Structure formats: structure tokens, C-alpha cells
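Here is the structure we will look at, set down as C-alpha cells.
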Amino acid sequence: MALSQKTIDIIKSTVPVLEEHGVTITSVFYKNMFNNHPELLNIFNHANQSRGRQQTALANMVLAAAKNIDQLESVLPAVMPVAHKHRGLGVKPEHYPIVGKHLLEAIKEVLGDAATDEIINAWAEAYGVIAQVFIDIEANMYKEAEEGGWGDFKELEVVDKVKESDVITSFYLKAKDGKPLPTYKAGQYISVRVRVPGEQFTSIRHYSLSCAPGKEFYRISVKREADFEPVGKVSNYLHDHVNVGDAIEASAPAGDFVLNMEETAPVALISGGVGLTPMMSMLETLVENNSDREVTYIHSARHEGVHAFSEEACELAGKLKHGSCYYGYQSPANKDGGHHFTGYITKEFLADKITKDTICYVCGPEPFLKSVVNMLVQLGVSDENIRYEFFGPALALEKVEAAV
Ligand SMILES: Cc1cc2nc3c(=O)[nH]c(=O)nc-3n(C[C@H](O)[C@H](O)[C@H](O)COP(=O)(O)OP(=O)(O)OC[C@H]3O[C@@H](n4cnc5c(N)ncnc54)[C@H](O)[C@@H]3O)c2cc1C
Ligand code: HEM
């Protein structure tokens, strides 16, 4: 459905006021929507809601789409990772009108008299167009998952549970119905759904697959989130209560932070903390494909105790024709312990290991990502060759201007 020029003009002229009130509008929207549709709390992450993260993500995307309402194709790259997450979470077309209705009502509530019928009607029309973009892309993703025999959530049985560090534990999973698991691309994640005892609603969290595809099991490696109160709901539940023989539900692998096997340029896999999980899958995939690319694996951990896969990663890199493996600690227990750097990764360190043409995959906590991505920009690596995943609602990282 094409929007009239008048609607486009109204949308564009109201974006600034919505930008001003965007986060308030989405906060009101969520409050009202969950009051009227508490069943949606089975899908949404309550911790992200409490911390205001999801509000910002949705507000930003609606505004970004609205700003580009006459050329929506320009926001498609931003839509894809969200659509992957929606599919992993089980967001369906029938959910969109519920979101639309509450979003419009929240706009009315916050803007008061300024929200004329004309403005509300224009936004209703625009929301319909934006929602349809998601619905169409997600329909293809569901179709693909169904063709792989796994359209919705399915039960996976824990066949092994292995402690990888003081805080990270791996879960090896097989389909409870005994059917083979579909393959995936290195870097993808599964969305795990559990009902934590005492909780009214289910909780869904995404976990990257941490080994190469093509095995008869999936492996996820979960960090126990226990540094802040309240401690992480699902990660602690998995660590403490999910054991070999137990089942968890998960949806089929999703995500577009994936190793491109067609490319031949040098590749760097750079991770901080539990951000190493997709990198382990990518590294093992490169090894299993006998890649002759130049591969540089770089990992930063707080100290030896929380460093998972320390031997496995360097052994894998050692099997490559042109592989190298580096790791460092912010506070090493053993000052002369063979690590390659102390403190954080620096620009000088990176400059020594990569070139402008290296394709860099980066994953880690938010400050780590911001810092590494900015350094890569300064080193002249193009946007296209800096690919990153954030283990929470995707944030637009503020990149510094590329150093000339
Ligand atoms: C694409 C993707 C891939 C991922 N891959 C992995 C992976 O391979 N391994 C892995 O370990 N994780 C991974 N994650 C992160 C994972 O999905 C979870 O976010 C993580 O396990 C925390 O979930 P949780 O339920 O334990 O914590 P939550 O309960 O969701 O809490 C998260 C944080 O919010 C804080 N919090 C909770 N409630 C509040 C509140 N009311 N107010 C303020 N703060 C609060 C908690 O202290 C905690 O620090 C990935 C995420 C994404 C998006
Ligand atoms: C056009 C409408 C929509 C837009 C623009 C939108 C946008 C977004 C964005 C930007 C994110 C953050 C992605 C990330 O984590 O990286 C997100 C996540 C999410 N969306 Fe949507 N969304 C829309 C519709 C819906 C609908 C209809 C539902 C289902 C009721 C839904 C449920 C979710 C959930 C559950 C998450 C993850 C939130 C969390 O648990 O943290 N979204 N969406």
C-alpha cells in the first residue's frame, strides 16, 4: 500500500516531536499493552523492559523507519537482525495490530491535544506499512525454518553439561524427538524458552551456537550473570537447575551475524568475555573447511579464571594454514602466564595484527564493542568489514570519525 504525499508530509513533520517524547511514548505503550495483553509477557524480556533497553530499541526503529517512510528500503539492513530475533522469539503477524493499537494510543496519551485525528490517522497508515515490511520478511524466515522441519519451539534434551570456566558452562543439546537437528551458519543463535519455577510467564533468551555446524548436537555456552542484583534469571536457572537428561525449549537457529564462507580476505575474530561463543563456532568452521585464509583470533577476558576455551581456541587456530591466536587479561592472576596482553585491547595491538582489508567480526559487552569498533574505524577498516553482535537489544554504536 503506497502512502499519499500528505501522509508522508505529516509523518515527517511529526518525527521531531516524537523524537523528543519517543522513549516516554514507548514506556506508556508497553505499560498499557502488558496490562491488556499479559500473555505477551511470555515473549518479552522483563529485565530489558525494567532497564528501559527495549523501549529505546523500538522507539529508535519506529522513528528511523518513519524518517525514511518514502524510501523504506534504506532501513532494510536494520530490519533484518530484528526480524531474525522476532522469528526466534515467535513473534507472529497477529501480534502486529496489538502493538500498533497500543503504540497509537500511547502517542495520543502523551501528546494530548497536539495529536490530531489527522496525525493519528497518518501514523496508523505508516505503522501499517512498516509492520508489513517485518511481517513479509518474517514470513519467509518462518517458511525457511518450517522447511527445515522446525517452525516453532521444540524440545531439546541436554545430553552433556561441561564447565568451561568459573562463569561459563556449555550445554550440549539434541532433539528430544530423536530427529536430526538442522544445520546452521557459524555465528547464529538459538532462542531458549524456559519456565523458571515460581514465575508466572516463560522467559526467552538467545544463545549463540558455540561450535561448528554439522554435528549431531548443538552446543551453547552460557555465562552466569551474577555480578548485579537481581541476578540474571535464565542464565542462573540454566546453571543451577538444568542438567543432563532435562529438556529445554528452543526455536530454530537465527541471526545474520554469520561467517561468510564465500569471502577469502583475512579475517579477525575479536571477542570479549562470553562474546567468544560465536567466534568459537566461526573458528572451528574455518578449520573444518581447511580454510587458507589468514585468521586472527583475539580474546580479552577479565582473568584466567573466567577465560573459557583457552586451550581449544589456540589449538584450533594452530590447525589453520595461516592461523594465529592471542589473548589477554585485564587483571591476570599470573603476571608471566603466557598471555599476549595485559589490560584492554589497544589500537596499537590491533594495528599490529590486522590490516585495512581484514574482515573483522567483533562480539562482547557494550563498552568492549564500542571501544574495539571505534579502534577498527580509526585503523581504516571499512564499515562493511566491521561486523558485530551485541548480546542484548542491538544498539547503534557511536563510531568515531575514521582517522584519515
Ligand atoms: C544474539 C545474542 C546471542 C547471545 N549469545 C549468548 C551466549 O552465547 N552466551 C551467553 O551467556 N549469553 C548470550 N546472550 C545473552 C543472553 O541472551 C542473556 O541476555 C543472558 O544470558 C542474560 O540473561 P538472564 O536471564 O540471565 O539475565 P536477565 O534476567 O535478562 O538480566 C540481564 C541483566 O539485567 C539485570 N537486571 C535484571 N532485572 C533488572 C531490573 N529490574 N533492573 C535493573 N537491572 C536488572 C541483571 O542484573 C542482569 O545483569 C546472547 C544475546 C543475544 C541477543
Ligand atoms: C513494526 C513494529 C515493530 C518494530 C519496529 C519492532 C522493533 C524492534 C526492535 C528494534 C527490537 C530490538 C531488537 C534487538 O534486540 O536487537 C525488537 C525486539 C523485540 N520485539 Fe519488536 N518490533 C515491532 C513489532 C513487534 C511485535 C508485533 C512484537 C510481538 C508482540 C515484538 C516483540 C519483540 C520482542 C519480544 C523483542 C525482544 C525484546 C526483548 O525481549 O528484549 N515486536 N523489536
Side-chain angles (χ1 to χ4, degrees), residues 26 30 33-34 37 39-66 75 78-103 126-135 138 164 167-171 187-192 194 196 199 203-210 219-239 254-257 271 273-281 308 363 365 389-396:
T26 38
Y30 278 118
M33 185 169 75
F34 292 144
H37 291 273
E39 75 281 2
L40 291 181
L41 288 168
N42 284 312
I43 312 184
F44 281 86
N45 177 342
H46 314 189
N48 284 350
Q49 299 300 322
S50 308
R51 294 191 298 169
R53 283 178 170 272
Q54 179 53 27
Q55 280 89 328
T56 323
L58 198 131
N60 284 351
M61 173 131 277
V62 171
L63 291 174
V75 295
V79 170
M80 291 310 284
V82 180
H84 273 284
K85 278 203 181 144
H86 281 166
R87 205 277 290 145
L89 291 158
V91 173
K92 298 280 166 60
E94 58 269 26
H95 292 134
Y96 281 86
I98 301 176
V99 165
K101 174 174 177 283
H102 289 90
L103 199 54
Y127 174 80
V129 172
I130 296 168
Q132 200 57 48
V133 172
F134 280 87
I135 292 171
E138 287 158 19
E164 309 286 4
V167 290
I168 298 178
T169 290
S170 287
F171 295 82
Q188 286 194 305
Y189 56 84
I190 54 172
S191 304
V192 169
V194 294
V196 175
E199 293 280 331
S203 301
I204 307 177
R205 299 291 184 273
H206 313 288
Y207 292 104
S208 306
L209 293 155
S210 62
R219 182 179 75 179
I220 57 170
S221 306
V222 179
K223 179 190 166 211
R224 183 197 284 280
E225 292 295 345
D227 290 346
F228 306 102
E229 285 292 335
V231 297
K233 200 185 287 176
V234 174
S235 59
N236 281 280
Y237 172 71
L238 291 171
H239 273 249
D256 61 357
F257 176 70
S271 61
V274 74
L276 51 48
T277 49
M279 305 307 172
M280 290 303 294
S281 179
C363 185
E389 177 104 284
F390 174 57
F391 280 0
L395 297 175

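All values derive from a computational prediction rather than experimental measurement. Side chains included, hydrogens not; waters and symmetry mates left out as well; all remaining heavy atoms used. First listed ligand is number 1; within each ligand, the first listed atom is number 1.
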When every non-hydrogen atom of Pro93 is compared with those of Pro97, the smallest separation belongs to O-CD, 3.3 Å

Judging by distance only, is a nitrogen or oxygen of Asn45 under 3.5 angstrom from one on ligand 2? yes

Gly255 touching ligand 1 at heavy-atom level, < 4.0 angstrom: no

I need the minimum non-hydrogen distance between His239 and Arg224, along with the two atoms involved. NE2-N, 3.4 Å

Compare every heavy atom of Ile168 with every heavy atom of Ser221, then report the nearest pair and how far apart it is. CB-CG2, 3.9 Å

The answer for which part of Lys223 has a heavy atom under 4.0 Å from ligand 1 is both

Between Asn45 and ligand 1, which residue portion shows a heavy-atom distance shorter than 4.0 Å: side chain, backbone, both, or neither? side chain

Check for me whether Val274 has a heavy atom closer than 4.0 Å to any atom of ligand 1. yes

Parallel, tilted or perpendicular: which fits the ring planes of Phe44 and Tyr30, with parallel below 30° and perpendicular above 60°? perpendicular

For the residue pair Tyr189 and Gly255, what are the closest heavy atoms and their distance? CE2-CA, 3.6 Å

Is it the case that ligand 1 has an N or O less than 3.5 angstrom from some N or O of Ser221? yes

Selected option - heavy-atom contact closest to atom 36 (C) of ligand 2, from Thr26, Val91, Leu89: Leu89

Atoms of ligand 1 close to Glu225 [distance to a heavy atom under 4.0 angstrom, numbered from 1]: 22 (C)

Distance-minimising heavy-atom pair for Ser203 and Lys233: OG-CD, 3.7 Å

Side chain to side chain donor-acceptor pair (under 3.5 Å) between Ser170 and Glu164, intermediate numbers included: CA-CA 7 Å; Ser170 287; Glu164 309 286 4; 2.6 Å; yes

Contact (N/O only, under 3.5 Å) between Glu229 and ligand 1: no

Close-contact set for ligand 2 against Tyr127 heavy atoms, below 4.0 Å: 1 (C), 2 (C)

Among Val274, Thr277, Val192, the one residue meeting side chain to side chain contact (heavy atoms under 4.5 Å, CB included) with Tyr207: Val192

Tell me which part of Val99 gets within contact of ligand 2: side chain, backbone, both or neither, using heavy atoms under 4.0 Å. side chain

Just going by heavy-atom distances, which of Ile43, Ile135, Ile98 is nearest to atom 35 (C) of ligand 2? Ile43

Determine, considering heavy atoms only, which of Asn236, Val234, Thr169 sits nearest to atom 25 (O) of ligand 1. Val234

With side chains defined as the heavy atoms from C-beta onward, is the minimum distance between His95 and Ile43 less than 4.5 Å? yes

I need the atoms of ligand 1 closer than 4.0 Å to a non-hydrogen atom of Thr277, numbered in the order shown. 7 (C), 8 (O)

Measuring from the heavy atoms of Phe390, does anything fall under 4.0 Å of ligand 2? no

Near Val222, which atoms of ligand 1 are under 4.0 Å from a heavy atom of that residue? 11 (O)

If you measure every N or O of Tyr96 against every N or O of ligand 2, does any of those distances drop under 3.5 Å? no

Would you mind telling me if ligand 1 is within reach of the side chain of Phe391, the backbone, both or neither, using heavy atoms under 4.0 Å? both

Any heavy atom of Ser203 under 4.0 Å from ligand 1? The part involved is neither

N or O contact, His86 vs ligand 2, cut-off under 3.5 Å: yes

Please check this pair: side chain of Arg87 against backbone of Glu138, looking for a donor-acceptor N/O pair closer than 3.5 Å. no

Taking the side chain as every heavy atom from C-beta outward, state whether Pro278 and Phe391 have any atom pair closer than 4.5 Å. yes

Between Met61 and ligand 2, which residue portion shows a heavy-atom distance shorter than 4.0 Å: side chain, backbone, both, or neither? side chain

I'd like to check whether Phe390 has a polar contact with ligand 1, where a contact means an N/O of the residue lying under 3.5 Å from an N/O of the ligand. no

His37/His102 aromatic ring centres below 6.0 Å: yes

Quick one: which ligand 1 atoms are inside 4.0 Å of a heavy atom on Arg205? 17 (O), 18 (C), 23 (O), 24 (P), 25 (O), 28 (P), 29 (O), 30 (O)

Sub-4.0 Å heavy-atom approach of Lys85 to ligand 1: yes

Name the residue from Gln132, Lys101, His86 that meets the side-chain hydrogen bond (donor to acceptor under 3.5 Å, both in side chains) definition with Tyr96. His86

If you look at every heavy atom in Ile130 and Ala65, which pair is closest and at what distance? CD1-CB, 3.6 Å

Taking the minimum heavy-atom distance to atom 4 (C) of ligand 1, which of Glu389, His206, Lys233 ranks first? His206

Can any side-chain N or O of Asn45 pair as donor or acceptor with the backbone N or O of Ile204 at less than 3.5 Å? no

